[in-house]
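Shown next, in structure tokens, is the structure this report addresses.
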Amino acid sequence: MRSVFGQITSDCEVVLVDDGSTDNSVDQVRRNFSDALHSGQLMLICTENAGPGAARNTWIQAARGTYIAFLDSDDFILPGCIARILAILSDSAPDIVQFNVLRVLEDNLSGQHLIACHRPPDGLDKMDAISSEIFGVGKWFPPSRIFTRKIILANPFPAERAFYEGLQLLPFIFFQDVTIFLVVDPLIAYRDNPHGTIRNHKLEHANTMLSLFARFGVLPPSVPCDLTRVQLARSIVFVALVLRLRKIDLCDLRNRILW
């Protein structure tokens with residue numbers, strides 16, 4: 001929150017959804033950002049815990065801006081982020097802005113590691129011209145993109161409690177006829193959390209990816225679709241081996257890729 005309010009202008013609003021937290025997060029927000037709450041630049045919405053997809057949808061419905069930017073509780077924006085984005089939106093008016101991410105251990109950027117979400121250089125492109133490069137990297141973090149609000153309203157996140165809600169939505173948006181502005185620099189930092197979902201695999205994760213694999217299997221053949229199916233299969237194999245899930249038929253999965 002401090003990283004955001006250190007950069008935002010009067011053109012920006014912050015909508016914060018508390019998804020049924022059980023600590024003192026809400027009290028801290030009300031205490032430390034009372035002026036922003038009073039002025040209306042910060043909107044605080046408290047809900048019962050329903051999972052990330054439902055929380056994102058609640059947030060999107062409440063937002064009033066033309067563009068939507070996500071920031072999760074373990075992220076913070078890097079210096080110059082908002083000025084850079086506002087300049088791109090003003091000059092190019094893309095449907096999507098995508099940038100890279102810096103994975104860090106602490107707020108001081110210790111242990112930093114660049115997570116690339118794409119390979120092409122800075123600039124505005126039609127999605128169909130560079131989709132193979134983006135799908136080839138296959139990083140589907142909602143906070144590494146800015147979207148027009150109308151795109152997200154037309155493509156809501158899965159409302160049911162589900163893992164990898166970004167992976168379940170974003171690739172399907174990227175199949176659409178939209179423009180995208182790519183930024184090589186990282187504009188947000190992600191704190192590496194050893195207790196987070198990505199680092200702690202469960203059976204539900206494998207089931208989610210198997211369901212997604214089936215969804216992509218019925219789409220018309222394309223390079224982006226094929227790339228995603230291969231990446232999903234690799235992730236399924238990894239989780240199956242880590243958790244020793246013998247119920248997942250890896251030979252069948254391999255054959256389905258070869259089809």
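Throughout, numbering of the chain's residues begins at 1 and tracks the sequence. Computed over heavy atoms, backbone and side chain alike; hydrogens, waters and symmetry mates excluded.
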Tyr67 and Ile85: CA distance, side-chain angles, deciding distance, side chain to side chain contact (heavy atoms under 4.5 Å, CB included) verdict: CA-CA 10 Å; Tyr67 285 89; Ile85 290 172; over 6 Å; no

Give the minimum heavy-atom separation between Gln98 and Arg145, together with the two atoms involved. OE1-NE, 2.8 Å

What is the distance from atom CD1 of Ile146 to atom CD1 of Ile152, rounded to the nearest 0.5 Å? 10.5 Å

Honestly, is Arg191 close enough over Phe76, meaning NZ or CZ under 6.0 Å from the six-membered ring centre and within 45° of the axis? no

Please collect all salt bridge (Lys or Arg N to Asp or Glu O under 4.0 Å) contacts where either partner lies in residues 46-72, sequence neighbours excluded, each pair once. Glu13-Arg64, Arg56-Asp72, Arg56-Glu165

Least distance between heavy atoms, Cys117 atom then Phe141 atom: SG-CD1, 4.3 Å

CZ/Arg31: more than 12 non-hydrogen atoms of other groups inside 6.0 Å: yes

Are Ile188 and Val14 linked, directly or through other ILVMFWY residues, by side chains that come within less than 4.5 angstrom of each other? yes

Under 3.5 Å, is there a donor-acceptor pair between the Ser131 and Asp128 side chains? no

Do Leu102 and Ile77 share a hydrophobic cluster, counting only Ile, Leu, Val, Met, Phe, Trp and Tyr and linking them when any side-chain heavy atoms are less than 4.5 Å apart? no

Shortest non-hydrogen contact from Gln7 to Leu78? NE2-O, 2.9 Å

Given side chain to side chain contact (heavy atoms under 4.5 Å, CB included), test Glu133 with His118 step by step and report yes or no. CA-CA 6 Å; Glu133 287 82 0; His118 53 260; 5.9 Å; no

Look at the side chain of Trp140 and the backbone N and O of Pro171, then say whether any donor-acceptor pair between them is shorter than 3.5 Å. no

Could you walk me through whether Val29 and Leu16 satisfy the side chain to side chain contact (heavy atoms under 4.5 Å, CB included) test, starting with their C-alpha distance in whole Å, then the side-chain angles of each, then the deciding distance to 0.1 Å, before giving a yes or no? CA-CA 9 Å; Val29 169; Leu16 179 63; 3.6 Å; yes

Starting at CG of Leu241, measure out to CD1 of Ile248 and round the result to the nearest 0.5 Å. 9.5 Å

Hey, what's the ring geometry for Phe172 with Phe216, parallel, tilted or perpendicular (30° and 60° as the breaks)? parallel

Can you run down the salt bridge (Lys or Arg N to Asp or Glu O under 4.0 Å) pairs that involve residues 82-97, sequence neighbours left out, and say none if there aren't any? Arg84-Asp122, Arg84-Asp185

Is the Phe175 ring parallel, tilted or perpendicular to the Phe135 ring (thresholds 30°, 60°)? parallel

For the OG1 atom of Thr179 and the CZ atom of Phe181, what is their distance to the nearest 0.5 Å? 10.5 Å

Glu106 atom CD, neighbour heavy-atom count above 12 within 6.0 Å: no

Do Asn24 and Gln28 meet the criterion of a side-chain donor-acceptor pair at a distance under 3.5 Å? yes

Under a 4.5 Å side-chain heavy-atom rule over Ile, Leu, Val, Met, Phe, Trp and Tyr, are Ile88 and Ile82 clustered together? yes

Determine whether Leu105 and Leu109 fall in the same hydrophobic cluster, where Ile, Leu, Val, Met, Phe, Trp and Tyr are linked whenever their side-chain heavy atoms lie under 4.5 Å apart. no

Atom pair OG (Ser25) and CG (Asp19), whose distance is rounded to the nearest 0.5 Å: 11.5 Å

All heavy atoms of Val184 vs all of Pro121, minimum pair found to be CG2-CA, 3.8 Å

Taking the side chain as every heavy atom from C-beta outward, state whether Val104 and Ser110 have any pair of such atoms under 4.5 Å apart. no

Considering all heavy atoms, the nearest Met209-Ser235 contact: SD-CB, 3.3 Å

Gln41 side chain to Cys12 backbone, donor-acceptor under 3.5 Å: yes

Kindly state whether the ring of Phe33 and the ring of Phe5 have centres lying under 6.0 angstrom apart. yes

What closest approach, in Å, do Phe157 and Gly53 show between heavy atoms, and which atom pair accounts for it? CB-O, 3.8 Å

Should we say atom NZ of Lys150 is surrounded by more than 12 heavy atoms from elsewhere, each under 6.0 Å from it? no

